[in-house]
Amino acid sequence: MWVYVLRRTLLLIPIFFAISVVIFSLIHLVPGDPIDSLLGPGSSKGDRAELLALYGLDKPLPMQYLYWLKDFITGDMGQSIIEKQPVADMIFYNLPFTMRLGLLSLAISFFLGIFLGIISAAAKNTFVDYIAMIIALLGVTVPAFWLGLILILAFSVNLGWFPVSGSGSFSHLVLPAVAVGLGGAGLVARVTRVSMLEMFNKDFVLLLYAKGLSRNVIIVKHVFRNALMPVITILGLRLGWILGGAVSIEIVFSRPGIGSMLLTALFRRDYPVVQASLIFLTMAVIIGAFITDIIYSYADPRVRDVYK
Amino acid sequence: MSLLKVSNLAVEFTADKKTVKPISDISFTMEPGEVLGVVGETGSGKSLTAHAIMGLTPLVGGKVSGSIEFDGVNLLTLSASEMQKVRGAQISFIPQNPMTSLDPVYRVGDQIVEGLRKHLKLNRWKAKTLALELMEQLRIPNPKRVFEQYPHQLSGGLKQRIVIAIGIGTNPKLLIADEPTTALDVTVQAQIMRLFKELTTEKGIGLMLITHDLGVIAQVCDKIAVLYAGNLVEYGDIREVFKKPKHPYTKALLDCIPYIGMEKGSLAAIEGNVPTATNFPIGCRFAPRCGLVMPKCTESFPDMVELAGGARVACYKYTEETVAG
């Protein structure tokens with residue numbers, strides 16, 4: 001097991017190089033550069049050249065990459081061209097907000113999702129099943145930003161239970177986490193249901209009934225437990241997505257976060273910020289997948305043996 | 001009092017407003033310590049009969065009629081929770097495929113313990129001790145180690161023994177084994193059969209052994225029930241039936257057993273297939289494949305008649321004989 005963990009960790013190094021090259025090249029393919037945003041109206045060609053040289057943007061692209069790589073490895077993610085502050089500071093300021101939102105919404109997705117999934121699988125093709133699946137379908141299809149606005153209208157403006165926007169306290173976190181979490185819950189519910197219904201036809205379930213176990217024990221302890229694998233996959237993917245993909249929610253609720261930081265930087269062609277945060281997010285997705293694999297081996301003894 | 005008395009058992013499925021009856025009119029009795037072999041081709045309703053007795057048919061939407069008297073109680077009148085106390089405790093089931101019948105994510109020991117705790121109301125520690133004893137009894141090598149293993153780490157023979165341990169651990173009065181050895185190789189098969197024989201003689205457990213292997217039946221059974229297309233066609237003492245089969249189907253089945261010294265390429269087979277439940281023929285269901293078919297065979301279904309010597313058979317050949325005699 002530990003050998004496997006070590007091997008997977010070492011594998012992160014080549015992956016890092018590959019994605020850093022891709023991200024670096026992609027950004028520079030986008031027309032325009034940050035100098036345009038920095039230069040005021042009426043500045044001369046000389047001013048432009050001077051600034052290009054200052055940020056090293058006059059060098060050939062492979063050289064720029066190597067400089068950037070050297071700095072990145074030594075822990076220096078560079079300086080934001082627009083904000084004039086270290087990129088590392090910006091990321092570490094925004095990260096906790098994103099993580100809090102991500103983890104809470106993931107928890108909502110997980111618990112609400114498996115709850116809906118289990119009851120609809122247990123009550124297949126009944127009224128309860130239909131209701132649960134309609135809720136799940138709404139969760140999947142309703143866009144998070146719209147749901148966010150509706151939640152603000154209902155719970156902040158009308159009921160006054162939660163603050164309209166901003167960040168800082170736990171109560172600021174509730175509505176955005178619900179808005180993001182419901183989508184995931186819908187997905188988890190549907191996957192749980194399908195995966196469980198598939199399990200019901202397995203031979204071992206017949207023996208569980210033959211053993212005289214109650215239906216509830218069979219469903220929760222055995223069928224759900226066996227149906228867990230695809231659910232873990234979905235949640236693992238969702239974790240990576242939430243870190244960078246919750247931009248619309250961050251904007252709706254005026255929250256800081258990696259997503260909105262990246263978006264702003266993209267509009268301004270703030271290369272160092274874009275590069276660092278993209279690499280950060282990509283690595284987060286890969287590490288998320290890695291963690292998923294580790295959880296797999298705890299959830300399924302067959303997977304555990306493969307890694308031995 | 002008989003251990004098990006099944007009368008006019010039938011199972012009905014309804015789909016798309018059409019009703020099919022894959023098994024009907026099945027009646028037999030079993031005494032304590034008796035081994036009953038149930039034979040028939042694939043699709044003859046052997047497994048369904050077993051599931052019906054276990055009360056497992058409602059799971060797949062089957063409606064059971066007739067009566068299943070176990071220890072004097074008609075199981076069909078029990079509520080779901082009462083039936084849970086019978087299943088796995090008084091009647092145990094050994095499923096068709098031991099390879100896939102254990103939950104893959106729990107240790108096999110815990111899967112034995114689960115049933116023991118539920119039915120014998122033991123605490124975890126006592127249940128574990130009992131489970132280890134059972135495993136030892138079933139000659140599982142190194143029980144302590146196997147207890148901690150997961151199903152995929154065990155061989156087919158070991159998994160089968162675990163499944164049997166789950167079945168016999170609660171001291172049931174009746175054990176229903178549905179083709180318990182088909183997934184195993186021949187040497188393991190023999191071991192398992194010997195084990196069954198011991199269980200029935202030593203503990204007095206009634207064993208209903210479902211198989212399409214007549215060799216297995218000959219080895220261990222006291223009585224034999226031959227099913228064809230969802231009907232019981234012949235029932236009787238094992239020696240009697242093997243020596244003098246009555247029903248043309250039983251005869252044909254026995255003729256299909258190859259023996260050493262037979263001519264190459266002369267392997268016998270019964271022409272045609274077992275009809276499916278959606279198109280059972282009117283009258284005797286074996287009539288289309290029967291060499292001795294008479295006009296009335298295709299008109300109405302022959303009743304079961306009891307012959308001298310206790311054998312029972314459902315065939316017009318014998319109805320006439322008894323009427324005439």
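In what follows, chains carry the letters A, B, and so on, assigned in the order in which the sequence lines appear, proteins first and then strands, with residues in each chain numbered from 1.
Note on A:Leu213, A:Asp300, A:Leu228: by heavy-atom pairs under 4.5 Å with chain B, the leading option is A:Leu213. Options B:Ser101, B:Ser81, B:Gly88, B:Gly55 differ in how many heavy-atom pairs under 4.5 Å they form with chain A, and the most are formed by B:Ser101.
With values rounded to the nearest 0.5 angstrom, B:Glu114 atom CD is found 4.0 Å from A:Lys211 atom NZ. Annotation: the span from B:Asp103 atom CG to A:Asp203 atom CG amounts to 12.0 Å, rounded to 0.5 Å. To the nearest 0.5 Å, atoms CG (B:Leu56) and CG (A:Leu206) are separated by 5.0 Å.
Contact detail for A:Pro301 and B:Pro104: the closest heavy-atom pair is CG-O, 3.2 Å. When all heavy atoms are compared, the tightest approach of B:Arg87 to A:Tyr209 is NE-O, 3.0 Å. Between B:Pro95 and A:Leu207, the shortest heavy-atom distance links the atoms CD-CD1, 3.7 Å.
For A:Val205, no part sits under 4.5 Å from any heavy atom of chain B, backbone or side chain. Heavy atoms closer than 4.5 Å to chain A are found nowhere in B:Ser92, neither backbone nor side chain.
More than 12 non-hydrogen atoms from other residues, nucleotides or ligands lie less than 6.0 angstrom from NZ of B:Lys203. Dense packing is recorded around NZ of A:Lys221, with more than 12 heavy atoms of other residues, nucleotides or ligands lying under 6.0 Å away. Atom CE of A:Met133 has more than 12 neighbouring heavy atoms from other residues, nucleotides or ligands inside a 6.0 Å radius. Atom CZ of A:Phe16 is surrounded by more than 12 heavy atoms from other residues, nucleotides or ligands within 6.0 Å.
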